[in-house]
2 protein chains.
Amino acid sequence: MNEERKATITDVARRAGVSTATAGRVLGGYGYSSTEMKTRVQDAATALGYSPNLLARSLITGLTRTIGFVAGDIQSPFYAKILRGISDAADEAGFALLITNSDETIEREVDAIRLLREKQVDGMIVSPCDTQRSPHLRDAAAATPLVLIDRQVRGLDVDSIGVDNVEAVQTGIARLIERGHRRIGMVAELQSTRPDELATFVSGICADPATDVSTLYPSWQRLAGFVRAHTAAGVPVDLSLIAQVGDYSMEEAERQARAMLARSDRPSALFTADGLMTEGTMHAITACGLRIPDDLSLVGFDELDWMAFVSPGIDAIAQPRRLMGQRATQMLIERMDQADLAPRKLTLAARQILRGSVRTVTPTG
Amino acid sequence: MNEERKATITDVARRAGVSTATAGRVLGGYGYSSTEMKTRVQDAATALGYSPNLLARSLITGLTRTIGFVAGDIQSPFYAKILRGISDAADEAGFALLITNSDETIEREVDAIRLLREKQVDGMIVSPCDTQRSPHLRDAAAATPLVLIDRQVRGLDVDSIGVDNVEAVQTGIARLIERGHRRIGMVAELQSTRPDELATFVSGICADPATDVSTLYPSWQRLAGFVRAHTAAGVPVDLSLIAQVGDYSMEEAERQARAMLARSDRPSALFTADGLMTEGTMHAITACGLRIPDDLSLVGFDELDWMAFVSPGIDAIAQPRRLMGQRATQMLIERMDQADLAPRKLTLAARQILRGSVRTVTPTG
DNA sequence: TACTACTATGCGAACGTTCTCATAGTTCCT
DNA sequence: AGGAACTATGAGAACGTTCGCATAGTAGTA
């Protein structure tokens with residue numbers, strides 16, 4: 001490529017016949033400089049094709065004007081939309097964006113965060129994969145502005161943003177119950193460590209609607225909304241209608257949805273707890289040859305492109321993903337020069353989108 | 001947050017009682033150091049919670065181990081998938097990833113590339129929005145390894161990667177013709193400057209199948225495949241069945257598809273030239289109440305999640321987006337220490353996915 | 001007039017690393 | 001014994017900026 005060394009501020013200064021300090025002031029846009037100097041330096045800079053080295057600047061200022069984003073999997077619509085929001089807000093504020101994906105594994109997340117810190121980012125936005133214990137996030141937060149997105153970490157009191165999953169799902173399920181549905185299935189990730197966790201959780205949440213669910217995984221929060229809607233309406237929850245997919249896998253979601261739909265006492269409606277679960281379930285529904293909404297009603301968490309043009313359209317609980325990314329970025333940037341500000345927990349509202357995938361049923365009795 | 005200054009290599013050296021050079025050798029993993037020094041320095045480093053400052057390292061080595069990606073719109077499935085491929089390959093090779101989106105405007109692309117260069121990226125992957133004249137890319141390529149993805153720029157002889165759009169579409173359209181379709185519509189971006197460009201292009205391509213189409217926009221290349229399939233089969237092309245959407249907009253695609261489907265002599269099959277066009281067209285099809293494939297056959301360029309579970313499934317011409325990202329990154333990294341290597345133009349094959357959205361018609365007449 | 005405040009410029013240090021070079025001990029071969 | 005060749009360490013320069021400080025001219029004001 002270009003063999004000759006890139007022009008530095010020293011080269012520009014020499015050519016303009018001024019000190020590097022003056023050249024720096026003109027080109028860096030700080031301090032004082034006379035109009036004469038401005039033109040002389042600028043002319044020299046263009047003549048040499050000068051381009052600043054932001055590494056050097058960052059090294060001395062201690063600011064990189066770069067933020068980092070640790071996503072689960074950027075190719076998923078969920079993270080892609082958030083990323084777009086982050087990118088927009090970062091761009092507008094003059095920040096560059098460094099991204100990494102964790103694939104929801106703690107090892108990759110730890111590596112990603114180490115990298116971002118070593119790259120001296122001014123702040124980072126993380127969608128943490130362990131919400132119960134994350135010492136690396138605690139360390140990071142002590143040194144760098146940090147905003148959590150979609151999930152919160154227990155005992156980590158930092159800025160965060162997400163939607164009210166419990167409320168959003170409770171509203172959505174309440175509508176299904178209103179429309180006469182009594183056997184509602186749920187397909188969700190609901191990863192767990194103990195085998196009895198699901199049963200314990202369901203009865204625990206039923207017993208005490210005041211439980212703090214803020215640091216639960218979104219799918220568990222959504223389950224809480226699901227259960228509370230039942231409880232509020234006096235409809236019993238059939239645990240066997242809750243497909244605990246376990247992995248975050250479309251194939252497994254399809255398998256479990258298929259099993260549920262093959263039952264003689266299959267549910268009249270299904271709620272899917274996120275985009276991937278919805279897609280897996282759609283595969284199952286197609287495979288079983290069921291028609292929506294005649295054979296089965298469906299409500300999915302997260303809005304997906306195709307929901308609007310399949311017929312009938314699919315009802316969705318839509319969270320404002322792009323906005324979440326934007327707000328997260330704005331919070332992060334505000335945090336940078338206000339380290340003492342009390343941590344803010346921002347909760348955005350989800351939107352219920354009705355398109356006709358839910359039919360009214362007359363309860364059999 | 002943390003008030004005390006971060007530990008530097010000098011701090012570590014002092015605590016270990018060695019020179020900064022030795023500490024650097026141990027912590028940076030270069031040069032010679034004895035086992036005794038290794039432990040002494042490492043102990044001091046952990047005791048101080050030392051974390052290297054990659055800015056300083058990059059400033060002196062001239063290498064950032066960072067690559068940049070300029071995408072059109074990262075939230076679109078197309079770029080998101082490519083991004084994932086890039087991210088994977090970068091990660092594996094120990095490179096960080098800086099992203100920006102151009103929104104397909106030249107101004108934002110210029111800014112993005114300037115930023116990446118100032119950030120001293122070791123190389124960049126760009127999906128250029130102007131394939132005819134891009135001085136900023138020429139400049140960039142002279143100074144930094146550059147790989148073009150999805151599109152090539154006229155007269156810019158650098159590494160690039162993409163699919164054989166002409167061949168892929170020609171195959172797809174040939175199949176439609178084989179199945180008896182004679183009036184095939186196309187919905188594509190096909191942005192143009194002159195009003196007669198479409199007609200000129202179609203007749204030009206018909207006349208000379210040897211024309212070099214490598215620096216055309218993908219949608220024009222796909223049109224070439226569309227036309228050539230017609231020509232090869234002796235089927236005339238009806239220009240009025242080519243919807244030139246102009247903008248890269250789903251709404252406009254829907255509007256134009258709707259208009260085409262409202263005609264009394266509407267086509268028996270539709271080919272949509274990319275994901276966004278396909279989605280706009282799907283909206284139109286649903287709005288017109290047409291059934292696939294009975295009322296209308298459909299083939300779309302680019303595979304989208306939902307195509308597999310709507311019924312019937314939608315036939316697609318799938319390009320290996322993630323692989324494109326990976327290969328692009330690998331090429332870029334190879335290029336970094338082989339600047340003299342001749343530029344490579346990598347062309348991957350697209351895959352025809354058949355799902356039943358095309359029916360066999362008996363030509364009327 | 002004298003003091004303050006603002007503007008303007010340059011010198012040299014600083015940011016936190018790695019690099020070059022000098023020095024020297026050890027090992028191995030001839 | 002002499003000399004490569006390798007191993008090991010340190011001193012100090014270098015990367016390309018900005019920062020702190022010194023200097024000085026020019027207004028503005030008491």
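Everything numeric in this text was worked out from a predicted model, so none of it was measured.
Ionic pairing of Arg57(A) and Glu118(B) is not present here: no N-O contact between side-chain nitrogen and carboxylate oxygen is shorter than 4.0 angstrom. Under 4.0 Å is where a charged nitrogen must lie from a carboxylate oxygen, and between Glu104(B) and Arg151(B) at least one such pair does. Ion pairing between a basic and an acidic side chain is recognised when a charged N comes within 4.0 Å of a carboxylate O; Asp88(B) and Arg84(B) show such pairing. Note on Asp130(A) versus Arg133(A): no salt bridge recorded, every NZ/NE/NH1/NH2 to OD/OE distance being 4.0 Å or above. Asp111(B) and Arg114(B) are joined by a salt bridge, as a carboxylate oxygen and a charged side-chain nitrogen come within less than 4.0 angstrom of each other.
Every residue two or more places apart in sequence or in another chain that forms a side chain to side chain contact (heavy atoms under 4.5 Å, CB included) with Ala140(A) is listed here: Ile113(A), Arg117(A), Met124(A). Annotation: salt bridge (Lys or Arg N to Asp or Glu O under 4.0 Å) contacts of Arg138(B) (sequence neighbours excluded): none.
For Arg25(A) and Tyr30(A), the positive end is not near the middle of the six-membered ring at less than 6.0 Å and at most 45° from its axis.
Each end of the helix from dT1(C)-dA30(D) to dT30(C)-dA1(D) yields a helix axis from five base pairs, and these two axes differ in direction by 40° (to the nearest 10 degrees).
Each of Thr64(A), Thr144(A), Ile333(A) was checked for a side-chain contact (heavy atoms from CB on, under 4.5 Å) with Asp122(A), and the lone residue meeting it is Thr64(A). Applying the side-chain contact (heavy atoms from CB on, under 4.5 Å) test between Asp150(B) and each of Pro128(B), Pro218(B), Ser160(B) identifies Pro218(B) as the sole match.
Scanning DNA chain D 5' to 3' for nucleotides with an atom closer than 4.0 angstrom to a non-hydrogen atom of chain B gives a first and last hit of dT7(D) to dG16(D).
Atom-to-atom, CG of Asn53(A) to C1' of dT17(C) comes out at 14 Å; the value is rounded to the nearest Å.
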Output a table of nitrogen or oxygen pairs between the protein and nucleotides 18-25 of chain C separated by less than 3.5 Å.
from: dT18(C); atom 1: OP1; to: Arg57(B); atom 2: NE; distance (Å): 2.8
from: dT18(C); atom 1: OP1; to: Arg57(B); atom 2: NH2; distance (Å): 3.2
from: dT18(C); atom 1: OP2; to: Tyr30(B); atom 2: OH; distance (Å): 3.0
from: dT18(C); atom 1: O5'; to: Tyr30(B); atom 2: OH; distance (Å): 3.4

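A heavy atom closer than 4.0 Å to some atom of DNA chain D occurs in no member of residues 112-120 of chain B.
Between the side chains of Ser102(B) and Thr105(B), no donor-acceptor pair is found at a separation under 3.5 Å. There is no side-chain donor-acceptor pair under 3.5 Å between Ser214(A) and Lys345(A).
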